[in-house]
Novice: 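One structure coming up, written as C-alpha coordinates, with questions to follow.
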There are 2 protein chains.
Amino acid sequence: MRRYQQQTRILLAVDCIIVGYDGTELKLLVIQRSFEPFKGQWSLVGGFVQENESAEDAAKRVLKNLTGLDGLYMEQLQTFTSPLRDTVERTASIAFFTLIDIQKYRQQLSEDYHPAWFSINDVPHLIFDHNEMVEQAKEKLRYKAALHPLVFELLPNKFTLPQLQNLYECLYNKTFDKGNFTRKVLSTKLLVKMKDKDKQSSKKGAFYYKVDPKRYNADFHSFTNFVSVPSLLNSIPKK
Amino acid sequence: MRRYQQQTRILLAVDCIIVGYDGTELKLLVIQRSFEPFKGQWSLVGGFVQENESAEDAAKRVLKNLTGLDGLYMEQLQTFTSPLRDTVERTASIAFFTLIDIQKYRQQLSEDYHPAWFSINDVPHLIFDHNEMVEQAKEKLRYKAALHPLVFELLPNKFTLPQLQNLYECLYNKTFDKGNFTRKVLSTKLLVKMKDKDKQSSKKGAFYYKVDPKRYNADFHSFTNFVSVPSLLNSIPKK
DNA sequence: TCAAAAGTGTTCACAGTACACCCATGC
DNA sequence: GCATGGGTGTACTGTGAACACTTTTGA
(Lines give C-alpha, C1' and ligand atoms only; values in the text may rest on other atoms or scores of the structure.)
Protein backbone atom coordinates (compact mmCIF):
# COMPACT_ATOMS: atom_id res chain seq x y z
CA MET A 1 0.00 0.00 0.00
CA ARG A 2 1.49 3.25 -1.09
CA ARG A 3 1.84 6.07 1.34
CA TYR A 4 1.20 9.73 0.87
CA GLN A 5 4.85 10.79 0.55
CA GLN A 6 5.58 8.73 -2.54
CA GLN A 7 2.69 10.08 -4.61
CA THR A 8 2.67 12.52 -7.51
CA ARG A 9 1.00 15.84 -6.99
CA ILE A 10 -0.71 17.46 -9.92
CA LEU A 11 -2.43 20.67 -10.89
CA LEU A 12 -6.16 20.94 -10.40
CA ALA A 13 -8.22 23.21 -12.59
CA VAL A 14 -11.86 24.01 -13.18
CA ASP A 15 -13.47 24.70 -16.54
CA CYS A 16 -16.96 26.13 -16.89
CA ILE A 17 -19.37 25.30 -19.67
CA ILE A 18 -21.51 28.43 -19.57
CA VAL A 19 -24.80 28.07 -21.40
CA GLY A 20 -27.18 30.91 -22.20
CA TYR A 21 -30.29 31.40 -24.30
CA ASP A 22 -30.79 34.50 -26.42
CA GLY A 23 -34.45 33.92 -27.28
CA THR A 24 -33.63 32.07 -30.46
CA GLU A 25 -30.99 29.54 -29.69
CA LEU A 26 -28.76 28.07 -27.01
CA LYS A 27 -25.36 29.67 -26.74
CA LEU A 28 -22.02 28.75 -25.27
CA LEU A 29 -19.69 31.32 -23.78
CA VAL A 30 -16.00 30.92 -24.55
CA ILE A 31 -12.99 33.16 -24.20
CA GLN A 32 -9.71 33.70 -25.93
CA ARG A 33 -6.94 32.18 -23.90
CA SER A 34 -4.72 34.92 -22.56
CA PHE A 35 -1.51 33.03 -22.01
CA GLU A 36 0.75 30.53 -23.70
CA PRO A 37 0.53 27.91 -24.94
CA PHE A 38 -2.36 28.33 -27.36
CA LYS A 39 -2.67 31.99 -26.49
CA GLY A 40 -5.49 33.52 -28.48
CA GLN A 41 -7.29 30.24 -29.11
CA TRP A 42 -10.84 29.60 -27.98
CA SER A 43 -11.17 28.04 -24.58
CA LEU A 44 -13.71 27.46 -21.87
CA VAL A 45 -13.60 29.83 -18.97
CA GLY A 46 -11.47 28.26 -16.30
CA GLY A 47 -8.77 28.61 -13.72
CA PHE A 48 -6.64 26.77 -11.25
CA VAL A 49 -7.95 25.67 -7.88
CA GLN A 50 -6.17 27.67 -5.21
CA GLU A 51 -4.73 26.49 -1.94
CA ASN A 52 -7.64 27.29 0.31
CA GLU A 53 -10.60 26.81 -1.92
CA SER A 54 -12.65 23.89 -3.15
CA ALA A 55 -13.31 23.34 -6.83
CA GLU A 56 -16.78 24.82 -6.34
CA ASP A 57 -15.25 27.94 -4.81
CA ALA A 58 -12.84 28.17 -7.71
CA ALA A 59 -15.63 27.89 -10.26
CA LYS A 60 -17.64 30.57 -8.47
CA ARG A 61 -14.61 32.84 -8.38
CA VAL A 62 -13.94 32.37 -12.06
CA LEU A 63 -17.58 33.01 -12.95
CA LYS A 64 -17.76 36.09 -10.77
CA ASN A 65 -14.61 37.45 -12.35
CA LEU A 66 -15.97 37.06 -15.80
CA THR A 67 -19.60 38.00 -15.36
CA GLY A 68 -19.84 39.90 -12.10
CA LEU A 69 -22.63 37.54 -11.14
CA ASP A 70 -23.10 35.45 -8.02
CA GLY A 71 -25.40 32.54 -7.42
CA LEU A 72 -25.40 31.11 -10.90
CA TYR A 73 -26.73 27.62 -11.39
CA MET A 74 -23.73 25.35 -11.37
CA GLU A 75 -23.07 21.67 -11.06
CA GLN A 76 -20.15 19.33 -11.43
CA LEU A 77 -20.14 17.48 -14.67
CA GLN A 78 -17.09 15.28 -14.72
CA THR A 79 -13.40 15.38 -14.02
CA PHE A 80 -10.98 14.96 -16.87
CA THR A 81 -7.75 13.33 -15.87
CA SER A 82 -6.06 11.92 -18.91
CA PRO A 83 -2.31 12.30 -18.22
CA LEU A 84 -1.61 14.13 -21.45
CA ARG A 85 -4.70 16.31 -21.71
CA ASP A 86 -2.78 19.46 -20.84
CA THR A 87 0.35 19.79 -22.95
CA VAL A 88 2.28 21.90 -20.47
CA GLU A 89 2.01 19.88 -17.35
CA ARG A 90 -0.29 17.25 -16.00
CA THR A 91 -3.52 18.92 -14.91
CA ALA A 92 -6.81 17.41 -13.88
CA SER A 93 -9.79 19.55 -14.72
CA ILE A 94 -13.19 19.50 -13.11
CA ALA A 95 -15.81 20.55 -15.62
CA PHE A 96 -18.69 22.65 -14.31
CA PHE A 97 -21.92 23.08 -16.09
CA THR A 98 -23.41 26.55 -15.66
CA LEU A 99 -26.65 28.16 -16.75
CA ILE A 100 -26.99 31.89 -17.06
CA ASP A 101 -29.62 34.45 -17.96
CA ILE A 102 -27.95 36.02 -20.94
CA GLN A 103 -29.71 39.35 -20.31
CA LYS A 104 -28.30 39.85 -16.84
CA TYR A 105 -24.95 38.85 -18.14
CA ARG A 106 -24.72 41.36 -20.92
CA GLN A 107 -24.18 44.44 -18.86
CA GLN A 108 -21.59 42.93 -16.59
CA LEU A 109 -19.44 41.38 -19.21
CA SER A 110 -15.78 41.89 -18.60
CA GLU A 111 -14.12 42.45 -21.94
CA ASP A 112 -10.67 41.61 -20.66
CA TYR A 113 -11.15 38.00 -21.60
CA HIS A 114 -12.34 38.60 -25.15
CA PRO A 115 -15.39 36.49 -24.57
CA ALA A 116 -17.76 35.38 -27.32
CA TRP A 117 -21.01 33.51 -27.56
CA PHE A 118 -21.31 30.70 -30.07
CA SER A 119 -24.35 28.71 -31.01
CA ILE A 120 -24.16 25.50 -29.03
CA ASN A 121 -24.64 23.59 -32.25
CA ASP A 122 -21.72 25.34 -33.87
CA VAL A 123 -18.91 25.47 -31.36
CA PRO A 124 -15.45 26.25 -32.72
CA HIS A 125 -12.40 24.16 -32.01
CA LEU A 126 -11.45 24.64 -28.36
CA ILE A 127 -8.15 23.88 -26.67
CA PHE A 128 -7.35 20.57 -24.99
CA ASP A 129 -10.41 18.41 -24.38
CA HIS A 130 -12.80 21.32 -23.98
CA ASN A 131 -14.96 20.27 -26.93
CA GLU A 132 -15.58 16.95 -25.22
CA MET A 133 -16.64 18.81 -22.08
CA VAL A 134 -19.12 20.80 -24.11
CA GLU A 135 -20.61 17.67 -25.63
CA GLN A 136 -21.10 16.19 -22.19
CA ALA A 137 -22.73 19.36 -20.98
CA LYS A 138 -25.17 19.33 -23.88
CA GLU A 139 -26.19 15.80 -23.13
CA LYS A 140 -26.54 16.51 -19.44
CA LEU A 141 -28.65 19.58 -20.07
CA ARG A 142 -31.06 17.69 -22.28
CA TYR A 143 -31.24 14.85 -19.87
CA LYS A 144 -31.78 16.88 -16.78
CA ALA A 145 -34.07 19.52 -18.25
CA ALA A 146 -36.62 16.84 -19.08
CA LEU A 147 -36.95 15.90 -15.43
CA HIS A 148 -36.21 19.08 -13.53
CA PRO A 149 -37.13 22.71 -13.98
CA LEU A 150 -33.62 23.70 -14.92
CA VAL A 151 -34.35 25.87 -17.88
CA PHE A 152 -35.73 28.78 -15.90
CA GLU A 153 -32.14 29.58 -15.06
CA LEU A 154 -31.75 30.47 -18.71
CA LEU A 155 -34.72 32.82 -18.88
CA PRO A 156 -35.27 36.32 -17.56
CA ASN A 157 -37.49 36.78 -14.52
CA LYS A 158 -40.48 37.46 -16.73
CA PHE A 159 -41.11 35.25 -19.74
CA THR A 160 -44.01 34.03 -21.83
CA LEU A 161 -45.12 30.48 -22.43
CA PRO A 162 -44.26 30.64 -26.14
CA GLN A 163 -40.76 31.72 -25.15
CA LEU A 164 -40.48 28.80 -22.77
CA GLN A 165 -41.75 26.47 -25.45
CA ASN A 166 -39.25 27.78 -27.93
CA LEU A 167 -36.47 27.09 -25.45
CA TYR A 168 -37.59 23.49 -25.04
CA GLU A 169 -37.85 23.15 -28.78
CA CYS A 170 -34.26 24.34 -29.17
CA LEU A 171 -33.13 21.95 -26.51
CA TYR A 172 -34.73 18.87 -28.02
CA ASN A 173 -34.65 20.01 -31.59
CA LYS A 174 -38.27 19.16 -32.14
CA THR A 175 -41.59 20.93 -31.99
CA PHE A 176 -44.15 20.52 -29.25
CA ASP A 177 -47.86 20.95 -29.50
CA LYS A 178 -48.79 24.39 -28.20
CA GLY A 179 -51.83 23.34 -26.29
CA ASN A 180 -50.34 20.28 -24.69
CA PHE A 181 -47.21 22.18 -23.75
CA THR A 182 -49.15 24.97 -22.06
CA ARG A 183 -51.32 22.60 -20.10
CA LYS A 184 -48.41 20.53 -18.95
CA VAL A 185 -46.36 23.47 -17.80
CA LEU A 186 -49.26 25.10 -15.98
CA SER A 187 -50.27 21.82 -14.35
CA THR A 188 -47.06 21.95 -12.33
CA LYS A 189 -48.31 25.12 -10.59
CA LEU A 190 -44.76 26.32 -10.79
CA LEU A 191 -45.56 29.48 -12.66
CA VAL A 192 -47.43 32.60 -11.65
CA LYS A 193 -49.32 34.50 -14.33
CA MET A 194 -48.66 38.20 -14.40
CA LYS A 195 -50.95 40.99 -15.52
CA ASP A 196 -48.92 42.33 -18.40
CA LYS A 197 -48.32 40.90 -21.81
CA ASP A 198 -45.45 40.71 -24.21
CA LYS A 199 -46.69 42.23 -27.44
CA GLN A 200 -43.50 42.08 -29.43
CA SER A 201 -43.90 38.72 -31.01
CA SER A 202 -47.62 38.73 -31.73
CA LYS A 203 -50.62 40.96 -32.11
CA LYS A 204 -52.64 39.28 -29.43
CA GLY A 205 -49.75 39.31 -27.01
CA ALA A 206 -48.74 36.58 -24.60
CA PHE A 207 -49.01 36.90 -20.84
CA TYR A 208 -45.81 37.03 -18.87
CA TYR A 209 -45.22 34.43 -16.21
CA LYS A 210 -42.70 34.22 -13.43
CA VAL A 211 -41.46 31.30 -11.40
CA ASP A 212 -43.01 30.87 -7.99
CA PRO A 213 -39.82 30.75 -5.94
CA LYS A 214 -41.38 28.76 -3.11
CA ARG A 215 -42.56 26.00 -5.37
CA TYR A 216 -39.41 26.14 -7.45
CA ASN A 217 -37.17 25.46 -4.51
CA ALA A 218 -39.47 22.87 -3.00
CA ASP A 219 -40.09 20.97 -6.20
CA PHE A 220 -36.74 21.12 -7.86
CA HIS A 221 -35.96 17.49 -7.20
CA SER A 222 -39.44 16.06 -7.47
CA PHE A 223 -40.56 17.62 -10.68
CA THR A 224 -42.68 15.98 -13.28
CA ASN A 225 -41.39 16.00 -16.77
CA PHE A 226 -42.32 18.51 -19.45
CA VAL A 227 -40.81 16.22 -21.99
CA SER A 228 -42.03 12.67 -21.75
CA VAL A 229 -39.36 10.17 -20.87
CA PRO A 230 -39.53 8.03 -23.99
CA SER A 231 -39.10 11.14 -26.07
CA LEU A 232 -36.26 12.26 -23.84
CA LEU A 233 -34.46 9.00 -24.32
CA ASN A 234 -35.09 8.98 -28.02
CA SER A 235 -33.68 12.47 -28.31
CA ILE A 236 -30.40 11.70 -26.68
CA PRO A 237 -27.84 10.82 -29.23
CA LYS A 238 -26.08 7.54 -28.66
CA LYS A 239 -22.50 7.83 -27.58
CA MET B 1 -4.12 35.64 -15.16
CA ARG B 2 -2.14 33.17 -13.16
CA ARG B 3 0.40 30.99 -14.83
CA TYR B 4 1.16 27.34 -14.35
CA GLN B 5 4.32 27.79 -12.31
CA GLN B 6 2.67 29.64 -9.45
CA GLN B 7 -0.02 27.06 -8.79
CA THR B 8 -0.37 24.53 -5.99
CA ARG B 9 -0.14 20.88 -6.87
CA ILE B 10 -2.21 18.44 -4.90
CA LEU B 11 -2.73 14.73 -4.51
CA LEU B 12 -5.37 13.06 -6.63
CA ALA B 13 -7.12 9.94 -5.39
CA VAL B 14 -9.96 7.69 -6.44
CA ASP B 15 -12.52 6.09 -4.14
CA CYS B 16 -14.88 3.36 -5.28
CA ILE B 17 -18.39 2.87 -4.00
CA ILE B 18 -18.82 -0.82 -4.75
CA VAL B 19 -22.40 -2.00 -4.67
CA GLY B 20 -23.52 -5.61 -4.77
CA TYR B 21 -26.75 -7.53 -4.27
CA ASP B 22 -26.86 -10.77 -2.31
CA GLY B 23 -30.38 -11.80 -3.28
CA THR B 24 -31.93 -10.11 -0.28
CA GLU B 25 -30.49 -6.65 -0.01
CA LEU B 26 -28.10 -4.16 -1.51
CA LYS B 27 -24.64 -4.22 -0.04
CA LEU B 28 -21.68 -1.90 0.09
CA LEU B 29 -18.12 -3.15 0.09
CA VAL B 30 -15.71 -1.39 2.41
CA ILE B 31 -12.25 -2.20 3.71
CA GLN B 32 -10.22 -1.55 6.79
CA ARG B 33 -7.68 1.13 6.09
CA SER B 34 -4.21 -0.34 6.18
CA PHE B 35 -2.16 2.72 7.00
CA GLU B 36 -2.13 5.73 9.26
CA PRO B 37 -3.91 7.91 10.02
CA PHE B 38 -7.15 6.12 10.85
CA LYS B 39 -5.52 2.74 10.30
CA GLY B 40 -8.09 0.00 10.94
CA GLN B 41 -11.11 2.22 10.35
CA TRP B 42 -13.68 1.52 7.67
CA SER B 43 -13.01 3.15 4.37
CA LEU B 44 -14.03 2.95 0.74
CA VAL B 45 -11.67 1.11 -1.54
CA GLY B 46 -9.38 3.67 -3.08
CA GLY B 47 -5.92 4.68 -4.09
CA PHE B 48 -3.82 7.47 -5.49
CA VAL B 49 -3.77 8.28 -9.17
CA GLN B 50 -0.33 7.42 -10.53
CA GLU B 51 1.82 9.41 -12.86
CA ASN B 52 0.86 7.74 -16.11
CA GLU B 53 -2.72 6.79 -15.54
CA SER B 54 -6.07 8.51 -15.68
CA ALA B 55 -8.49 8.37 -12.79
CA GLU B 56 -10.44 5.68 -14.66
CA ASP B 57 -7.28 3.61 -15.00
CA ALA B 58 -6.59 4.07 -11.31
CA ALA B 59 -10.08 2.95 -10.36
CA LYS B 60 -9.80 -0.11 -12.58
CA ARG B 61 -6.45 -0.97 -11.06
CA VAL B 62 -7.78 -0.63 -7.54
CA LEU B 63 -10.82 -2.77 -8.36
CA LYS B 64 -8.76 -5.43 -10.06
CA ASN B 65 -6.43 -5.56 -7.08
CA LEU B 66 -9.25 -6.08 -4.68
CA THR B 67 -11.55 -8.34 -6.64
CA GLY B 68 -9.48 -9.85 -9.42
CA LEU B 69 -12.22 -8.71 -11.81
CA ASP B 70 -12.00 -6.67 -14.99
CA GLY B 71 -14.72 -4.86 -16.86
CA LEU B 72 -16.87 -3.93 -13.92
CA TYR B 73 -19.55 -1.32 -14.45
CA MET B 74 -18.04 1.93 -13.33
CA GLU B 75 -18.86 5.59 -13.67
CA GLN B 76 -17.63 8.84 -12.25
CA LEU B 77 -19.84 10.21 -9.58
CA GLN B 78 -18.30 13.41 -8.35
CA THR B 79 -15.01 14.87 -7.28
CA PHE B 80 -14.55 15.92 -3.68
CA THR B 81 -12.16 18.80 -3.28
CA SER B 82 -12.77 20.46 0.05
CA PRO B 83 -9.31 21.67 1.17
CA LEU B 84 -9.51 19.96 4.54
CA ARG B 85 -11.21 16.71 3.58
CA ASP B 86 -8.05 14.67 4.02
CA THR B 87 -6.39 15.42 7.32
CA VAL B 88 -2.89 14.51 6.23
CA GLU B 89 -2.47 16.57 3.15
CA ARG B 90 -4.73 18.18 0.64
CA THR B 91 -6.15 15.48 -1.61
CA ALA B 92 -8.89 15.65 -4.20
CA SER B 93 -10.80 12.44 -4.59
CA ILE B 94 -12.79 11.28 -7.56
CA ALA B 95 -15.60 9.04 -6.43
CA PHE B 96 -16.45 6.11 -8.70
CA PHE B 97 -19.68 4.25 -8.56
CA THR B 98 -19.27 0.52 -9.27
CA LEU B 99 -21.71 -2.34 -9.62
CA ILE B 100 -20.63 -5.91 -9.14
CA ASP B 101 -22.10 -9.39 -9.26
CA ILE B 102 -21.49 -10.44 -5.72
CA GLN B 103 -21.27 -14.11 -6.74
CA LYS B 104 -18.37 -13.65 -9.10
CA TYR B 105 -16.69 -11.55 -6.52
CA ARG B 106 -16.79 -14.03 -3.70
CA GLN B 107 -14.20 -16.42 -4.93
CA GLN B 108 -11.71 -13.80 -5.93
CA LEU B 109 -11.81 -11.76 -2.82
CA SER B 110 -8.41 -10.73 -1.62
CA GLU B 111 -8.41 -10.91 2.12
CA ASP B 112 -5.41 -8.63 2.49
CA TYR B 113 -7.66 -5.63 2.73
CA HIS B 114 -9.99 -7.01 5.38
CA PRO B 115 -13.00 -6.23 3.28
CA ALA B 116 -16.57 -6.45 4.52
CA TRP B 117 -20.02 -6.07 3.05
CA PHE B 118 -22.53 -3.89 4.85
CA SER B 119 -26.17 -3.38 4.09
CA ILE B 120 -26.39 -0.18 2.11
CA ASN B 121 -29.00 1.04 4.55
CA ASP B 122 -26.71 0.46 7.50
CA VAL B 123 -23.29 1.72 6.55
CA PRO B 124 -20.84 2.25 9.42
CA HIS B 125 -18.92 5.43 9.97
CA LEU B 126 -16.32 5.75 7.23
CA ILE B 127 -13.22 7.93 7.16
CA PHE B 128 -13.14 11.44 5.72
CA ASP B 129 -16.17 12.25 3.55
CA HIS B 130 -16.72 8.68 2.39
CA ASN B 131 -20.21 8.48 3.90
CA GLU B 132 -21.22 11.42 1.78
CA MET B 133 -19.91 9.64 -1.28
CA VAL B 134 -22.01 6.62 -0.42
CA GLU B 135 -25.13 8.73 -0.07
CA GLN B 136 -24.55 10.23 -3.49
CA ALA B 137 -24.04 6.81 -4.98
CA LYS B 138 -27.31 5.57 -3.52
CA GLU B 139 -29.18 8.47 -5.00
CA LYS B 140 -27.50 8.04 -8.35
CA LEU B 141 -28.25 4.34 -8.46
CA ARG B 142 -31.94 4.85 -7.78
CA TYR B 143 -32.11 7.62 -10.29
CA LYS B 144 -30.31 5.87 -13.06
CA ALA B 145 -31.75 2.41 -12.54
CA ALA B 146 -35.22 3.74 -13.24
CA LEU B 147 -34.20 4.85 -16.70
CA HIS B 148 -31.47 2.44 -17.72
CA PRO B 149 -30.97 -1.31 -17.38
CA LEU B 150 -28.20 -0.89 -14.86
CA VAL B 151 -29.28 -3.45 -12.36
CA PHE B 152 -28.30 -6.46 -14.44
CA GLU B 153 -24.74 -5.66 -13.47
CA LEU B 154 -25.73 -6.68 -9.96
CA LEU B 155 -27.22 -10.03 -10.94
CA PRO B 156 -25.64 -13.31 -12.00
CA ASN B 157 -25.84 -14.31 -15.65
CA LYS B 158 -28.94 -16.36 -14.98
CA PHE B 159 -31.69 -14.93 -12.84
CA THR B 160 -35.45 -15.21 -12.43
CA LEU B 161 -38.03 -12.49 -12.75
CA PRO B 162 -38.96 -12.68 -9.07
CA GLN B 163 -35.29 -12.13 -8.24
CA LEU B 164 -35.18 -9.12 -10.51
CA GLN B 165 -38.35 -7.78 -8.98
CA ASN B 166 -36.96 -8.22 -5.50
CA LEU B 167 -33.91 -6.21 -6.51
CA TYR B 168 -36.07 -3.35 -7.74
CA GLU B 169 -38.11 -3.53 -4.59
CA CYS B 170 -34.95 -3.18 -2.50
CA LEU B 171 -33.82 -0.29 -4.58
CA TYR B 172 -37.00 1.71 -4.29
CA ASN B 173 -38.12 0.34 -0.98
CA LYS B 174 -41.59 -0.42 -2.24
CA THR B 175 -43.44 -3.35 -3.70
CA PHE B 176 -44.38 -3.74 -7.33
CA ASP B 177 -47.26 -5.68 -8.74
CA LYS B 178 -46.02 -9.07 -9.94
CA GLY B 179 -47.96 -9.16 -13.17
CA ASN B 180 -47.31 -5.60 -14.19
CA PHE B 181 -43.64 -5.94 -13.40
CA THR B 182 -43.26 -9.07 -15.48
CA ARG B 183 -45.06 -7.60 -18.44
CA LYS B 184 -43.06 -4.41 -18.34
CA VAL B 185 -39.72 -6.13 -18.13
CA LEU B 186 -40.53 -8.59 -20.90
CA SER B 187 -41.92 -5.84 -23.12
CA THR B 188 -38.41 -4.44 -23.43
CA LYS B 189 -37.33 -7.64 -25.21
CA LEU B 190 -34.11 -7.32 -23.32
CA LEU B 191 -34.32 -10.72 -21.70
CA VAL B 192 -34.09 -14.20 -23.14
CA LYS B 193 -36.03 -16.98 -21.45
CA MET B 194 -34.04 -20.10 -20.70
CA LYS B 195 -35.22 -23.68 -20.47
CA ASP B 196 -34.39 -24.36 -16.87
CA LYS B 197 -36.05 -23.20 -13.71
CA ASP B 198 -34.94 -22.12 -10.30
CA LYS B 199 -36.74 -24.36 -7.86
CA GLN B 200 -35.20 -23.13 -4.67
CA SER B 201 -37.64 -20.45 -3.78
CA SER B 202 -40.90 -22.07 -4.84
CA LYS B 203 -42.49 -25.37 -5.68
CA LYS B 204 -43.57 -24.35 -9.14
CA GLY B 205 -40.16 -22.93 -9.95
CA ALA B 206 -39.39 -19.77 -11.87
CA PHE B 207 -37.76 -19.74 -15.28
CA TYR B 208 -34.29 -18.34 -15.56
CA TYR B 209 -33.66 -15.45 -17.91
CA LYS B 210 -30.49 -13.96 -19.24
CA VAL B 211 -29.77 -10.58 -20.78
CA ASP B 212 -29.64 -10.47 -24.54
CA PRO B 213 -26.22 -8.86 -24.92
CA LYS B 214 -26.97 -7.38 -28.31
CA ARG B 215 -30.05 -5.58 -27.13
CA TYR B 216 -28.43 -4.65 -23.85
CA ASN B 217 -25.59 -2.82 -25.50
CA ALA B 218 -27.77 -1.23 -28.15
CA ASP B 219 -30.48 -0.09 -25.79
CA PHE B 220 -28.52 0.95 -22.78
CA HIS B 221 -29.06 4.63 -23.39
CA SER B 222 -32.52 4.48 -24.89
CA PHE B 223 -34.23 2.30 -22.39
CA THR B 224 -37.76 2.67 -21.23
CA ASN B 225 -38.29 2.87 -17.54
CA PHE B 226 -39.24 -0.07 -15.36
CA VAL B 227 -40.13 2.34 -12.64
CA SER B 228 -42.42 5.13 -13.71
CA VAL B 229 -40.86 8.54 -13.56
CA PRO B 230 -43.22 10.14 -11.07
CA SER B 231 -42.56 7.29 -8.69
CA LEU B 232 -38.85 7.61 -9.31
CA LEU B 233 -38.91 11.26 -8.42
CA ASN B 234 -41.07 10.71 -5.41
CA SER B 235 -38.68 8.07 -4.17
CA ILE B 236 -35.65 10.27 -4.22
CA PRO B 237 -35.06 11.83 -0.87
CA LYS B 238 -34.68 15.59 -0.91
CA LYS B 239 -31.20 16.83 -0.28
C1' DT C 1 -61.73 42.12 -42.40
C1' DC C 2 -58.06 39.35 -42.55
C1' DA C 3 -53.76 37.31 -40.93
C1' DA C 4 -51.14 35.68 -37.14
C1' DA C 5 -50.25 34.00 -32.95
C1' DA C 6 -52.29 32.98 -28.20
C1' DG C 7 -54.95 30.05 -25.89
C1' DT C 8 -58.98 26.31 -25.12
C1' DG C 9 -61.66 21.96 -25.87
C1' DT C 10 -62.25 17.37 -27.43
C1' DT C 11 -61.10 12.93 -28.84
C1' DC C 12 -58.31 8.78 -29.08
C1' DA C 13 -54.79 5.46 -27.98
C1' DC C 14 -52.10 3.57 -24.78
C1' DA C 15 -49.42 2.98 -20.46
C1' DG C 16 -49.79 2.35 -15.52
C1' DT C 17 -52.44 0.19 -11.90
C1' DA C 18 -55.22 -2.97 -9.42
C1' DC C 19 -56.80 -7.24 -8.77
C1' DA C 20 -58.96 -11.70 -9.91
C1' DC C 21 -57.70 -15.92 -11.40
C1' DC C 22 -55.19 -20.03 -13.28
C1' DC C 23 -50.94 -23.11 -13.09
C1' DA C 24 -47.28 -26.20 -11.47
C1' DT C 25 -45.39 -28.58 -7.86
C1' DG C 26 -43.81 -30.42 -3.19
C1' DC C 27 -45.52 -31.96 0.89
C1' DG D 1 -55.70 -32.14 -2.00
C1' DC D 2 -53.92 -28.01 -0.53
C1' DA D 3 -50.67 -24.43 0.31
C1' DT D 4 -47.26 -21.67 -2.09
C1' DG D 5 -45.44 -18.83 -5.17
C1' DG D 6 -45.17 -18.28 -10.49
C1' DG D 7 -47.53 -16.53 -14.22
C1' DT D 8 -51.77 -14.64 -17.14
C1' DG D 9 -56.12 -12.03 -18.15
C1' DT D 10 -58.85 -8.08 -17.78
C1' DA D 11 -61.02 -3.93 -16.55
C1' DC D 12 -60.32 0.94 -15.00
C1' DT D 13 -58.00 5.29 -15.09
C1' DG D 14 -55.09 9.02 -16.22
C1' DT D 15 -51.68 10.97 -19.33
C1' DG D 16 -49.73 12.07 -23.83
C1' DA D 17 -50.61 13.19 -28.58
C1' DA D 18 -53.25 15.09 -32.33
C1' DC D 19 -55.94 18.53 -33.97
C1' DA D 20 -60.07 21.48 -34.45
C1' DC D 21 -61.57 25.58 -32.77
C1' DT D 22 -62.01 30.29 -30.44
C1' DT D 23 -59.84 34.72 -29.06
C1' DT D 24 -57.35 38.99 -29.52
C1' DT D 25 -55.42 42.58 -31.95
C1' DG D 26 -52.51 45.17 -35.45
C1' DA D 27 -52.30 46.31 -40.02
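This is a predicted model, so every value here is computed, not measured.
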Novice: For DNA chain C, determine which residues of residues 155-162 of chain B have any heavy atom closer than 4.0 angstrom to one of its atoms, and list them numerically.
Specialist: none
Novice: Among all residues two or more places apart in sequence or in another chain, which pass the salt bridge (Lys or Arg N to Asp or Glu O under 4.0 Å) test with A:Lys138?
Specialist: A:Glu135
Novice: What is the separation between atom CG on A:Leu191 and atom P on C:dG7, rounded to the nearest whole Å?
Specialist: 12 Å
Novice: Starting from P on C:dG16, measure out to OH on B:Tyr172 and report it in whole angstrom.
Specialist: 14 Å
Novice: B:Leu186 has an atom CG; how far is it from atom P of C:dA15, in whole Å?
Specialist: 15 Å
Novice: Rounded to the nearest angstrom, tell me the gap between atom NZ in A:Lys193 and atom C1' in C:dT8.
Specialist: 11 Å
Novice: Round to the nearest Å and state the distance from B:Phe207 atom CZ to D:dG6 atom C1'.
Specialist: 10 Å
Novice: Can you tell me if B:Thr160 and B:Asp198 form a side-chain donor-acceptor pair at under 3.5 Å?
Specialist: no
Novice: For A:Tyr73, enumerate each residue passing the ring-ring contact (aromatic ring centres under 6.0 Å, His included) test, keeping only those at least two apart in sequence or located in another chain.
Specialist: none
Novice: Any N/O pairs under 3.5 Å between the protein and nucleotides 19-26 of chain D? List them or say none.
Specialist:
| from | atom 1 | to | atom 2 | distance (Å) |
| --- | --- | --- | --- | --- |
| D:dC19 | N4 | A:Asp177 | OD2 | 3.1 |
| D:dT23 | O2 | A:Lys204 | NZ | 3.0 |

Novice: Listed by chain and number, what are the side chain to side chain contact (heavy atoms under 4.5 Å, CB included) partners of A:Gln78, not counting sequence neighbours?
Specialist: A:Phe80, A:Gln136, B:Glu56, B:Gln76
Novice: B:Phe181 CZ to D:dG6 P: how many Å, rounded?
Specialist: 12 Å
Novice: Do B:Asn217 side-chain atoms and B:Pro213 backbone N/O form a donor-acceptor pair below 3.5 Å?
Specialist: yes
Novice: Checking A:Phe128 now: which residues fulfil ring-ring contact (aromatic ring centres under 6.0 Å, His included) with it, not counting sequence neighbours?
Specialist: A:Phe38
Novice: Whole Å only: how far is the CZ atom of B:Phe176 from the C1' atom of C:dT17?
Specialist: 12 Å
Novice: D:dG7 C1' sits how many Å from B:Gln165 CD, rounded?
Specialist: 11 Å
Novice: Please identify each residue that fulfils salt bridge (Lys or Arg N to Asp or Glu O under 4.0 Å) with A:Asp129, with sequence neighbours left out.
Specialist: A:Arg85
Novice: Identify, with sequence neighbours excluded, every residue that meets side chain to side chain contact (heavy atoms under 4.5 Å, CB included) alongside A:Asp196.
Specialist: A:Lys158, A:Met194, A:Tyr208
Novice: Quick one: which residue pairs count as a salt bridge (Lys or Arg N to Asp or Glu O under 4.0 Å) with a foot in residues 68-77 of chain B, not counting sequence neighbours?
Specialist: B:Lys64-B:Asp70, B:Glu75-B:Lys140, B:Glu75-B:Lys144
